[in-house]
Amino acid sequence: MTGSQSFSEFVGSVTPHLLPDPGPATAAGGGAAAQLGVPHGTTIVALVFSGGVVIAGDRRATQGNMIAQRDIEKVFVTDEYSAVGIAGSAGMAIEMVRLFSVDLEHYEKIEGVSLSLDGKANKLAGMVRANLGAAMQGFVVVPLFAGFDTEATDPATAGRIVTYDATGGRYDEKLGYHAVGSGSVFAKSSLKKLHDPSADLAATVRTAIEALYDAADDDSATGGPDTVRRIYPVVVSITADGAERRGEDEIADVVTQVVAGRTERPGG
């Protein structure tokens, strides 16, 4: 035993070759990610509401100007009260989130209690920081963390959003909403007008999907809802009852309402 509470640190000390490794850096002027044609995830949004927080993401992954995958999943439930959405190099990001989930489970099994919300956010920051070398080669991973703080004195304000930069810097979002990825500028502009922190869960899910629709309307790398293939955004709500991925039928109904509304008013 190493005495570490971190599963990733244990693996790094015993079998470091099992951890994600993008390989050696390439010459300046042509990043490794660009040369390999690595798929990239695009837009993730998160917003708080009166009972917690919602995080949602589109389903498109791009490779240059091509669509690499139409139904990639970029929002993951990481434990009972948290979820992470990822933008950037898809393979690296997904591996990071999987390792993060295992780390949280490992900590709980070792200590007998779950890591605090701040502890989870700090743990993810450390993992992003550890990826800095890869980020400088072009394998940038930008997660968006959302969680419910079970230690909050007021459950109505227990929903939390934490953002990161490529160096591992973590920032608590005070506005109550945020977006990352190529369509984030358009998504945040939409959320700025539509977000209501006192809204209920149903209204907040609708706002998240409206924001993703607006992002897809102006950003070619963000995928809009595909009603023909029945590919809809992944939406996770986190409340005092835990983290829950919203059902496909529920999201399909909301998408139908949003599309019907945009048919009458294309500008939103």
Side-chain angles (χ1 to χ4, degrees), residues 37-47 53-78 83-98 101 141-146 177-191 194 201-238 243-268:
V38 174
H40 278 68
T42 47
T43 307
I44 307 293
V45 301
L47 53 164
V53 62
V54 164
I55 183 169
D58 78 303
R59 304 289 297 277
R60 178 175 293 176
T62 59
Q63 186 174 315
N65 66 331
M66 304 293 290
I67 297 175
Q69 188 173 344
R70 299 179 186 276
D71 60 351
I72 190 172
E73 298 197 4
K74 295 175 279 187
V75 177
F76 304 89
V77 173
T78 47
V84 175
I86 53 97
S89 299
M92 298 289 290
I94 292 171
E95 284 299 307
M96 182 182 292
V97 172
R98 287 174 176 169
S101 298
V141 176
V142 184
L144 184 59
F145 177 82
Y177 63 87
H178 196 73
V180 297
S182 61
S184 60
V185 173
F186 309 109
K188 281 193 283 189
S189 294
S190 178
L191 291 172
L194 298 177
L201 175 58
T204 304
V205 170
R206 168 75 181 255
T207 298
I209 293 177
E210 291 271 12
L212 290 174
Y213 191 104
D214 283 329
D217 201 31
D218 287 297
D219 173 42
S220 62
T222 302
D226 190 335
T227 56
V228 174
R229 299 181 178 88
R230 290 186 61 82
I231 300 173
Y232 305 115
V234 174
V235 182
V236 172
S237 62
I238 313 171
E244 177 185 357
R245 174 169 170 162
R246 311 311 300 179
E248 185 171 289
D249 290 340
E250 175 188 348
I251 301 305
D253 288 342
V254 178
V255 166
T256 299
Q257 296 169 22
V258 170
V259 172
R262 296 304 178 99
T263 301
E264 297 178 4
R265 295 182 58 192

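Model, not experiment: these values are computed from the prediction. These numbers come from the heavy atoms of this one structure, side chains and all, not from hydrogens, waters or symmetry mates.
- Every residue meeting the salt bridge (charged side-chain N to carboxylate O under 4.0 Å, His left out) condition with R230, not counting sequence neighbours, appears here in chain and number order: E248, D249.
- R262 and E264 are not joined by a salt bridge, as no carboxylate oxygen comes within less than 4.0 angstrom of a charged side-chain nitrogen.
- Residues satisfying the side-chain hydrogen bond (donor to acceptor under 3.5 Å, both in side chains) criterion with R98, sequence neighbours excluded, are E95.
- Shown here are the side-chain contact (heavy atoms from CB on, under 4.5 Å) partners of D71, two or more places apart in sequence or in another chain: R59, Q69, I231.
- Proximity of a side-chain donor or acceptor of T43 to a complementary backbone N or O of G183 within less than 3.5 Å is detected.
- Counting heavy atoms from C-beta on, the side chains of F76 and I86 come closer than 4.5 Å.
- When all heavy atoms of I238 and A83 are compared, the closest pair comes out as CD1-N, 3.6 Å.
- Put simply, CG on L194 and OH on Y177 are 10.5 Å apart, with the number rounded to the nearest 0.5 Å.
- In this structure, the side chains of L144 and V84 stay at 4.5 Å or more apart for every pair of heavy atoms.
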- Message: For a side-chain contact (heavy atoms from CB on, under 4.5 Å) check, start with the C-alpha distance between L212 and V45, then their side-chain angles and the critical distance, and finish with the verdict.
- Response: CA-CA 7 Å; L212 290 174; V45 301; 4.0 Å; yes
- Item | Chi angles and distances behind the side-chain contact (heavy atoms from CB on, under 4.5 Å) call for V75, V235 | CA-CA 7 Å; V75 177; V235 182; over 6 Å; no
- Message: Quick one, V205 with I251, criterion side-chain contact (heavy atoms from CB on, under 4.5 Å). Give me CA distance, side-chain angles, the key distance, then yes/no.
- Response: CA-CA 8 Å; V205 170; I251 301 305; 4.0 Å; yes
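- The shortest non-hydrogen separation linking I55 to G85 is CD1-N, 3.5 Å.
- The side-chain contact (heavy atoms from CB on, under 4.5 Å) with V54 is formed by just one residue from the set V236, L201, I209; it is L201.
- Residues passing the salt bridge (charged side-chain N to carboxylate O under 4.0 Å, His left out) test with D218, sequence neighbours excluded: none.
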- Passes side-chain hydrogen bond (donor to acceptor under 3.5 Å, both in side chains), T42 versus D58? Steps please. CA-CA 7 Å; T42 47; D58 78 303; 3.0 Å; yes
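- Residues meeting the side-chain hydrogen bond (donor to acceptor under 3.5 Å, both in side chains) test with R265, sequence neighbours left out: none.
- By the side-chain contact (heavy atoms from CB on, under 4.5 Å) test, A202 pairs with D200, sequence neighbours left out.
- Side-chain contact of D214 with S189: a donor-acceptor pair under 3.5 Å is absent, judged by distance alone.
- Side-chain atoms of K74 come within 3.5 Å of backbone N or O of R60 as a donor-acceptor pair.
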- Item | Derivation and outcome, side-chain contact (heavy atoms from CB on, under 4.5 Å), residues V258 and R206 | CA-CA 8 Å; V258 170; R206 168 75 181 255; 3.3 Å; yes
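- A56 approaches A208 most closely through the heavy-atom pair CB-CB, 4.1 Å.
- With S190 contributing its side chain and F186 its backbone, the two residues share no donor-acceptor pair below 3.5 Å.
- Residues D226 and R70 are not paired through a salt bridge, judged by the lack of any N-O separation under 4.0 Å between the basic side chain and the carboxylate.
- Here CD1 of I44 is found 9.5 Å from OG1 of T222. Values are rounded to the nearest 0.5 Å.
- Using a 4.0 Å cut-off between charged side-chain N and carboxylate O, E73 and R245 make a salt bridge.
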